[in-house]
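Data first, discussion second: the structure below is written as structure tokens.
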There are 2 protein chains.
Amino acid sequence: MPPVADLIDIRQLRRSCASCGLQELCLPAGISGDDLARLDAAVRDKRVLERGRALYRAGDAFHSLFVVRSGALKTFVTDENATQQVIGFHLPGEIVGIDALASGRHASQAEALERTSICELPFAQLEHVTSEIPALQRQLLRVISREVVQEHEHLVTMGQQQAQVRLAIFLKSLADRYNTLHRDGNHLVLPMSRHDIASYLGLVVETVSRWFTRFEDAGILEVRRKAVTILRPDLLAQMCRPAESDSGSKKARHPAAN
Amino acid sequence: MPPVADLIDIRQLRRSCASCGLQELCLPAGISGDDLARLDAAVRDKRVLERGRALYRAGDAFHSLFVVRSGALKTFVTDENATQQVIGFHLPGEIVGIDALASGRHASQAEALERTSICELPFAQLEHVTSEIPALQRQLLRVISREVVQEHEHLVTMGQQQAQVRLAIFLKSLADRYNTLHRDGNHLVLPMSRHDIASYLGLVVETVSRWFTRFEDAGILEVRRKAVTILRPDLLAQMCRPAESDSGSKKARHPAAN
DNA sequence: CGGACTCTTGAATGTCGTCAATCCAAGTGG
DNA sequence: CCACTTGGATTGACGACATTCAAGAGTCCG
């Protein structure tokens with residue numbers, strides 16, 4: 001993405017929710033007039049994170065929820081060997097930090113994958129505003145619910161043991177998310193490294209790399225490092241289901257009981 | 001678990017949140033007096049589900065959130081081949097149905113693994129009460145956050161490719177949850193089938209079965225079908241970290257960048 | 001006592017992880 | 001401007017471990 005356009009975007013969007021292009025997808029959806037102004041007052045000054053900078057780290061005290069305004073984040077946990085496990089990638093309009101609400105401390109780390117602009121929602125003020133505006137309370141829960149749904153889908157993906165299916169689902173879901181953001185879902189510029197993708201999918205880099213190549217050989221993708229073009233969305237969608245070993249579609253991996 | 005004790009439990013707990021043994025772990029935590037009574041009024045008559053009965057199915061319209069009072073649930077999604085993929089197991093005090101908030105329809109199915117008692121929270125009424133009681137609003141978000149944290153942990157487990165580690169983490173986390181419920185975490189009676197465990201962990205039944213046996217051979221567990229006793233919690237905890245192939249603990253699977 | 005079911009066990013196959021070498025793009029310094 | 005470095009990405013050969021397939025043991029329910 002051209003950095004110039006990005007900068008313009010940030011400038012245009014800086015002022016308020018009312019003038020934000022994400023309005024329909026974000027917390028303000030369905031909120032208007034006075035209520036919107038009150039929500040706006042609860043949103044603290046927007047921040048910009050350079051690539052690689054952390055928004056919060058595991059163990060940090062919880063003060064705020066955050067919404068991605070532009071750019072992209074990854075969230076991950078780090079084990080004792082400094083091995084990181086990516087939990088999620090977060091695009092504009094998505095909320096992060098919910099996992100800290102239970103304990104009052106962040107359990108994971110959130111980090112910018114590229115230059116990323118963030119809206120901070122100090123929780124105390126957010127609570128205050130939501131208690132006054134029932135529609136906002138509902139909308140907050142909806143946005144949280146969206147995250148839960150996405151994590152369920154991720155979980156289902158990880159349940160898939162075939163690597164090509166995991167990668168296909170990953171690409172497809174990324175494309176879908178690009179589409180809802182009114183971007184071209186067939187021309188992806190992946191902000192994350194192959195390592196991040198591998199970690200997110202429970203695979204190793206080499207496997208991810210190999211399947212990118214095979215998808216390219218099959219004419220499904222064109223891959224040039226971070227730039228991935230989906231040439232055959234239909235075939236990609238087909239790869240999202242597990243390959244059946246034998247013809248009779250009878251034996252499944254976890255057949256439903258009763 | 002002796003069914004008699006269970007029945008007594010249900011009877012004792014039936015009336016209200018105020019008299020419920022889960023008070024500290026559930027929505028009412030930190031709520032008292034009048035406010036508690038108002039919450040109580042929003043909780044619809046408790047239901048009991050027999051083993052195998054669905055609380056809701058994928059596609060059902062969303063009306064309520066549900067809290068497990070006693071027993072256990074599994075939630076799962078079913079693909080076109082009727083293959084089910086277990087997303088989570090839910091013990092007393094845990095909330096289900098959040099994923100339906102975003103779209104207004106349930107994306108998954110929730111089913112009783114044993115005789116299970118449920119509190120239904122009709123969403124319209126819950127919203128009303130939470131908007132009047134800020135502490136309850138916060139508590140609702142906390143309980144939801146707990147679920148998100150659990151799903152993150154599940155995700156990290158699935159990121160682990162060694163089957164024995166996945167199973168060990170599963171057992172350990174179940175034991176921990178039993179402990180917070182003031183049950184004996186070292187004497188588990190698994191309400192779910194081996195199939196369910198396998199699906200939850202992204203493995204096949206045979207693999208799960210084999211590792212149960214090997215854990216038993218190693219003196220870590222005593223396994224008699226559903227009854228699992230943890231003989232050596234220390235060794236089990238040790239199994240929760242990936243086995244290092246070579247001595248130098250340097251090379252990890254997804255080494256942290258920078 | 002038999003039938004259906006879940007669970008367990010065994011042997012063979014194949015996929016993905018491991019290890020190692022190479023390639024490529026971008027950045028640095030002479 | 002070019003040699004050199006650095007880090008990520010790719011490719012190949014090999015081996016381990018989980019899945020697959022198949023059969024048997026144990027349990028539940030009629």
Side-chain angles (χ1 to χ4, degrees), chain A residues 51-52 83-84 113-114 158-167 189-199 201-217 221-228 239 242-248 250-258, chain B residues 3 51-52 83-84 113-114 158-168 189-199 201-217 221-228 239 242-248 250-258:
Chain A
R51 166 160 199 255
T83 299
Q84 50 179 77
L113 290 168
E114 59 190 8
M158 300 281 273
Q160 241 326 313
Q161 41 240 23
Q162 294 166 87
Q164 82 261 34
V165 179
R166 293 197 202 180
L167 185 60
V189 181
L190 307 178
M192 70 292 282
S193 70
R194 297 287 194 269
H195 247 105
D196 288 334
I197 297 174
S199 170
L201 295 177
L203 303 168
V204 293
V205 226
E206 294 95 327
T207 305
V208 170
S209 188
R210 272 186 248 276
W211 281 107
F212 266 121
T213 306
R214 290 187 205 170
F215 283 164
E216 192 165 27
D217 290 347
L221 303 178
E222 183 186 276
V223 183
R224 280 222 306 276
R225 302 273 157 171
K226 307 263 181 200
V228 175
M239 301 299 295
E244 295 160 21
S245 42
D246 56 280
S247 54
K250 156 149 131 275
K251 246 325 182 23
R253 210 175 313 269
H254 302 295
N258 15 322
Chain B
R51 167 162 197 255
T83 299
Q84 53 180 75
L113 290 167
E114 59 191 7
M158 299 280 275
Q160 239 327 312
Q161 42 238 26
Q162 293 166 88
Q164 83 261 33
V165 179
R166 294 197 202 180
L167 185 60
V189 180
L190 307 178
M192 70 291 284
S193 71
R194 296 288 194 268
H195 246 106
D196 288 334
I197 298 174
S199 169
L201 295 176
L203 303 169
V204 294
V205 224
E206 293 95 324
T207 306
V208 171
S209 186
R210 273 185 246 277
W211 281 106
F212 265 121
T213 307
R214 290 185 204 170
F215 282 163
E216 192 165 29
D217 290 347
L221 303 177
E222 183 185 278
V223 183
R224 280 225 302 278
R225 301 274 156 168
K226 306 264 180 201
V228 174
M239 301 298 296
E244 295 160 21
S245 42
D246 54 283
S247 53
K250 163 150 129 274
K251 249 320 185 24
R253 209 177 313 268
H254 301 297
N258 15 322

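Naming: A, B, ... by sequence-line order, numbering from 1 per chain.
Closest approach of B/A163 and B/T207 over heavy atoms only: CB-CG2, 3.7 Å. When all heavy atoms of A/R166 and A/M158 are compared, the closest pair comes out as NH2-O, 3.6 Å.
If you take CH2 of A/W211 and P of D/dT11, they are 14 Å apart, rounded to a whole angstrom. The distance from atom CG of A/L201 to atom C1' of C/dG17 is 15 Å, rounded to the nearest whole Å. Distance B/F212 CZ to D/dA18 P: 15 Å, rounded to the nearest Å. Distance CD (A/E216) to C1' (D/dA9): 13 Å, rounded to an integer number of Å. D/dG8 atom C1' lies 15 Å from atom CE of A/M192, rounded to whole Å. For B/L203 and D/dT20, the CG to C1' distance is 14 Å, given to the nearest whole Å. Computed from coordinates, the B/Q164 CD to D/dA18 C1' distance equals 11 Å when rounded to whole Å. In this structure, CG of B/L167 is placed 13 Å from P of C/dC7, rounded to the nearest angstrom.
Take A/S193 and apply the side chain to side chain donor-acceptor pair (under 3.5 Å) test, not counting sequence neighbours, and it matches A/D196. For B/E222, the salt bridge (Lys or Arg N to Asp or Glu O under 4.0 Å) partners two or more places apart in sequence, or in a different chain, are B/R224. Qualifying side-chain contact (heavy atoms from CB on, under 4.5 Å) partners for B/R214, counting only residues two or more places apart in sequence or in other chains: B/R210, B/W211.
Axis angle across the helix from C/dC1-D/dG30 to C/dG30-D/dC1, with five pairs used at each end and values rounded to 10°: 40°.
Remark: A/T207 is in phosphate contact with C/dG17, judged by side-chain N or O atoms under 4.0 Å from OP1 or OP2. Contact between the side-chain N/O atoms of B/K226 and the OP1/OP2 oxygens of C/dT6 is not found at any separation under 4.0 Å.
Taking the side chain as every heavy atom from C-beta outward, B/V204 and A/Q161 approach each other to under 4.5 Å. Inter-residue side-chain proximity for B/Q160 and B/P242 is flagged as met; some heavy-atom pair is nearer than 4.5 Å. Between A/F215 and A/V228, the closest side-chain pair of non-hydrogen atoms is not below 4.5 Å.
When the nucleotides D/dT19, D/dT11, C/dC16 are ranked by their closest atom to the side chain of A/A163, C/dC16 comes out on top. The side chain of B/Q161 lies closest to C/dT18 when the candidates are D/dA9, C/dT18, D/dA18. Nearest nucleotide to the A/Q162 side chain, out of D/dA18, C/dT18, C/dC16: C/dC16. Side-chain proximity of B/R194 to the nucleotides D/dA18, C/dC7, D/dT20 is greatest for C/dC7.
At distances below 3.5 Å, at least one donor-acceptor pair connects side-chain atoms of A/R194 with backbone N or O atoms of A/R225. The backbone N or O of A/V223 lies less than 3.5 Å from a partner atom in the side chain of A/E216, making a donor-acceptor pair.
Between B/R51 atom CZ and B/L113 atom CG the span is 8.0 Å, to the nearest 0.5 Å. The CG atom of A/L167 lies 7.0 Å from the CD1 atom of A/I197; values are rounded to the nearest 0.5 Å.
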Identify the pairs formed between an N or O of the protein and an N or O of nucleotides 12-15 of chain D at a distance under 3.5 Å, and give each distance.
| unit_1 | atom_1 | unit_2 | atom_2 | d |
| --- | --- | --- | --- | --- |
| D/dG12 | N7 | A/R210 | NH1 | 2.9 |
| D/dG12 | O6 | A/R210 | NH2 | 3.3 |

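Among the heavy atoms of the strands lying under 4.0 Å from B/S193 are primed sugar atoms or P, OP1, OP2 only; no base atom is included.
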Going 5' to 3' along nucleotides 24-30 of chain D, which nucleotides have protein heavy atoms under 4.0 Å from the base (write B), which only from the sugar-phosphate (write S), and which from neither (write -)?
--SS---
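With DNA chain D read from its 5' end, the first of the two nearest nucleotides for B/R214 and A/T213 is the one closest to A/T213.
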